[in-house]
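As structure tokens, the structure follows; a few thoughts come after it.
Proteins come first, then strands; the chains are lettered A, B, ... in the order of their sequence lines, and each starts at number 1.
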There are 2 protein chains.
Amino acid sequence: MAHTLEEIARLSGVSRSTVSRVINGDVRVAAATRERVAAIVEREGYRPNRTAQSLASGRSNVLGVVIPMAADGVLADPYFSRLLHGIAREADGRDQFVMLSLAEAGFIHRIDEVARRGMVDGVVFSGSHASDPFADRLVESGTIFVNVGRSDNPQVSYVDNDNVSSARQATAHLLRLGRRRVATITGPLFATVSQDRLTGYREALEQFGVRYDEELVFESDFTEAGGRVGMRRLLEHRPDAVFAASDRMAAGALNELRAALVAVPDDVALVGFDDIPLAQQMEPPLTTVRQNAEQLGAAAVALLLDLIDNPSESGRRIILPSELVVRSSCGAGLG
Amino acid sequence: MAHTLEEIARLSGVSRSTVSRVINGDVRVAAATRERVAAIVEREGYRPNRTAQSLASGRSNVLGVVIPMAADGVLADPYFSRLLHGIAREADGRDQFVMLSLAEAGFIHRIDEVARRGMVDGVVFSGSHASDPFADRLVESGTIFVNVGRSDNPQVSYVDNDNVSSARQATAHLLRLGRRRVATITGPLFATVSQDRLTGYREALEQFGVRYDEELVFESDFTEAGGRVGMRRLLEHRPDAVFAASDRMAAGALNELRAALVAVPDDVALVGFDDIPLAQQMEPPLTTVRQNAEQLGAAAVALLLDLIDNPSESGRRIILPSELVVRSSCGAGLG
DNA sequence: TTGTACGCGTTATCAC
DNA sequence: GTGATAACGCGTACAA
């Protein structure tokens with residue numbers, strides 16, 4: 001088992017350079033030579049040392065992926081699983097490796113580590129804050145990266161779902177069905193997704209000439225427990241519909257409604273966001289917005305690679321469309 | 001912003017070697033020198049180039065993690081999320097990086113890539129087969145790795161849950177409550193977990209002097225849909241209890257039982273395996289075996305690092321205990 | 001305690 | 001087409 005270029009070169013009676021050329025598919029090499037060397041590479045099962053390649057070429061073909069684990073068990077959220085899956089799959093398809101960092105609280109040092117020159121060519125950062133110190137740190141350190149989720153920093157490139165328009169559409173759907181006291185359970189408002197979905201909600205209200213009522217807005221945390229608590233409080237203000245900014249919160253809300261003996265959708269219509277697997281198994285099945293997290297991850301990788309090849313560009317944005325999936329929790333017939 | 005050892009050396013008026021020593025905490029360096037150099041390193045925000053370090057030292061501090069994506073959306077299974085979380089967290093705590101490879105079908109080449117010298121110091125492989133070609137490939141290539149899940153290959157080191165004894169305990173629990181026609185829905189039997197849980201089931205039967213009846217065994221695939229199908233078939237043979245080898249299958253079975261108007265646990269008692277979040281929200285709450293996937297991941301990393309430091313050792317095994325969580329689907333009072 | 005010099009395995013720039 | 005040879009940035013005997 002030969003281990004270095006040098007050995008392969010010796011075995012095939014050529015120089016290191018030629019072997020290197022064969023390995024890298026350089027055209028300027030005689031067909032006969034190429035074949036002979038290739039055969040020996042094959043026979044010996046030789047693989048170039050990645051680290052040495054990286055050092056010499058200045059490129060590692062490794063993409064860093066940083067996912068802040070704000071709450072415990074964030075990975076339990078199907079969104080992140082899918083996002084990660086999309087990232088991994090796209091990276092794989094483009095012959096890139098993925099270096100994963102599930103950053104716990106106080107992980108600033110990990111960012112520095114990941115951004116360390118040589119390790120990775122770029123970073124996909126799943127940052128949820130409009131203005132994130134870590135994102136700032138990344139641009140400051142000159143690391144090429146793309147944010148998954150909107151960012152206020154004009155320098156940062158990002159991919160995101162069209163949260164505003166999707167939320168507007170979801171809320172409008174409720175209004176169109178005649179509901180007028182439409183409440184909403186939002187995610188944590190420091191997160192751009194939460195802000196954007198709230199914005200969409202307000203836009204729909206305005207569009208239908210319905211007054212925005214703060215009492216019908218409850219800020220929660222995307223979890224089922226949070227949705228349940230939110231619903232309990234909202235119930236005091238007699239809503240006839242609820243737009244939950246995540247399916248998990250919608251599930252919690254549904255549990256609370258059931259416990260309070262409120263009929264869904266008859267008394268209160270419900271719409272979620274995400275279209276997690278559970279959504280269609282809920283009773284009644286949940287009307288929700290399908291966002292394709294895998295696609296988002298793939299898009300992030302594609303954009304990142306583009307940025308790596310064209311470092312001059314910055315502040316690029318890619319917005320992916322979502323789709324309203326009408327089931328029965330909203331009180332509309334299927335269709 | 002200084003970028004190389006050389007520059008820092010020049011800036012602080014010493015040689016590269018000395019700076020290197022300071023960086024690596026070598027004791028043989030004068031306190032005064034150390035301080036001076038450290039200050040400059042700090043001021044310049046210098047970080048050693050990881051790639052160069054790896055090449056020179058022969059160690060990358062990167063751990064490969066390979067998870068075969070047999071079925072689509074494997075990551076959706078909470079087990080893998082938790083496993084991955086445990087791995088990432090432990091690796092982080094030990095200053096290791098994680099290189100993730102979500103290997104799709106036909107991913108043999110990826111294994112080779114990951115095992116490529118220089119990239120990673122070792123690999124955590126989540127292989128489910130008793131005898132896995134990929135695992136064989138890894139040992140063949142001399143890659144240091146640990147398998148998550150039992151392996152028949154005496155060379156491979158692995159960490160695993162105590163599936164046999166847990167399954168025995170779960171089944172025995174049913175038998176102890178007086179059930180005699182205890183059926184089981186197994187996972188795919190090429191997987192060691194499935195085999196082991198089936199073995200535990202048989203052991204419990206034997207222990208209670210109950211004949212093993214093939215008609216009461218249905219091989220499925222760990223998914224909810226699979227559990228549902230399995231339950232439908234088993235129903236033909238009038239079981240009074242079911243041990244499902246995964247909570248997701250238990251959920252499917254429960255749905256089927258409900259559809260068939262069979263009372264749980266009165267007519268048919270049910271026990272699952274995994275203790276996924278859904279388990280305690282099922283109606284009735286599911287009695288199940290709690291396996292700590294995070295701990296499994298952490299143990300895998302710990303073992304791997306141990307192996308990296310002591311490459312001579314091989315075939316080490318670590319078995320983690322599980323715990324029966326009694327809720328009400330089995331027909332026992334809480335306790 | 002500090003510095004010199006060589007090696008890690010490639011890539012890339014030259015000549016030939 | 002092919003082959004020396006100089007980087008790439010760092011670790012580490014060995015010498016001083």
Pairwise N/O distances under 3.5 Å, protein to nucleotides 12-16 of chain D:
unit_1, atom_1, unit_2, atom_2, d
dT12(D), O4, Ser17(B), OG, 3.4

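- Put simply, CG on Asn49(B) and CE on Met119(A) are 9.5 Å apart, with the number rounded to the nearest 0.5 Å.
- In this structure, CG of Leu5(B) is placed 15 Å from C1' of dT4(C), rounded to the nearest angstrom.
- Note: Phe134(A) and Phe125(A) have perpendicular aromatic rings, judged against thresholds of 30 and 60 degrees for the angle between ring planes.
- The side chain of Ala30(B) approaches dT2(C) more closely than any other nucleotide in the set dT2(C), dT11(C), dG9(D).
- OP1 and OP2 of dG9(D) both lie 4.0 Å or more from every side-chain N or O belonging to Tyr46(B).
- Rounded to an integer number of Å, the gap from CD1 of Ile23(B) to C1' of dT2(C) is 16 Å.
- Spacing between atom CD1 of Ile8(A) and atom P of dT2(D) amounts to 17 Å, rounded to whole angstrom units.
- A salt bridge links Arg94(B) and Glu90(B); the closest N-O separation between the charged side-chain nitrogens and carboxylate oxygens is under 4.0 Å.
- Look at CD on Glu7(B): it is 14 Å from C1' on dC10(D), rounded to the nearest Å.
- Remark: P of dG9(D) and CE of Met119(A) are 16 Å apart, rounded to the nearest angstrom.
- For DNA chain C, no neighbouring residue in residues 31-43 of chain A is found when judged by any heavy atom under 4.0 Å.
- Heavy atoms from other residues, nucleotides or ligands lying under 6.0 Å from CD of Glu313(B) number more than 12.
- Test Val159(B), Leu296(B), Asp160(B) against Ile318(B) for side chain to side chain contact (heavy atoms under 4.5 Å, CB included) and you get one pass: Val159(B).
- With values rounded to the nearest 0.5 angstrom, Ser60(A) atom OG is found 8.0 Å from Ile308(A) atom CD1.
- When distances run from any side-chain atom of Leu55(A) to the nucleotides dG3(C), dC10(D), dG9(C), the shortest one goes to dG9(C).
- Toward the 5' end of DNA chain C, the nearer of the two residues Thr18(B) and Ala52(B), judged by each one's closest nucleotide, is Thr18(B).
- Taking CZ of Arg50(B) as the reference point, atom CG of Asn61(B) lies at 5.5 Å (rounded to 0.5 Å).
- Between Ser314(B) and Ser157(B), the shortest heavy-atom contact is C-OG, 3.8 Å.
- For the atom pair CG (Leu84(B)) and CG (Leu84(A)), the distance works out to 6.5 Å, reported to the nearest 0.5 Å.
- Atom CZ in Arg10(B) sits about 15 Å away from atom P in dG3(C), given to the nearest Å.
- When the side-chain nitrogen and oxygen atoms of Gln53(A) are compared with OP1 and OP2 of dT11(C), one or more of them lie within a distance under 4.0 Å.
- In this structure, the CD atom of Glu6(A) is 12 Å from the P atom of dG3(D), given to the nearest Å.
- Remark: C1' of dC8(D) and CG of Asn49(A) are 13 Å apart, rounded to the nearest angstrom.
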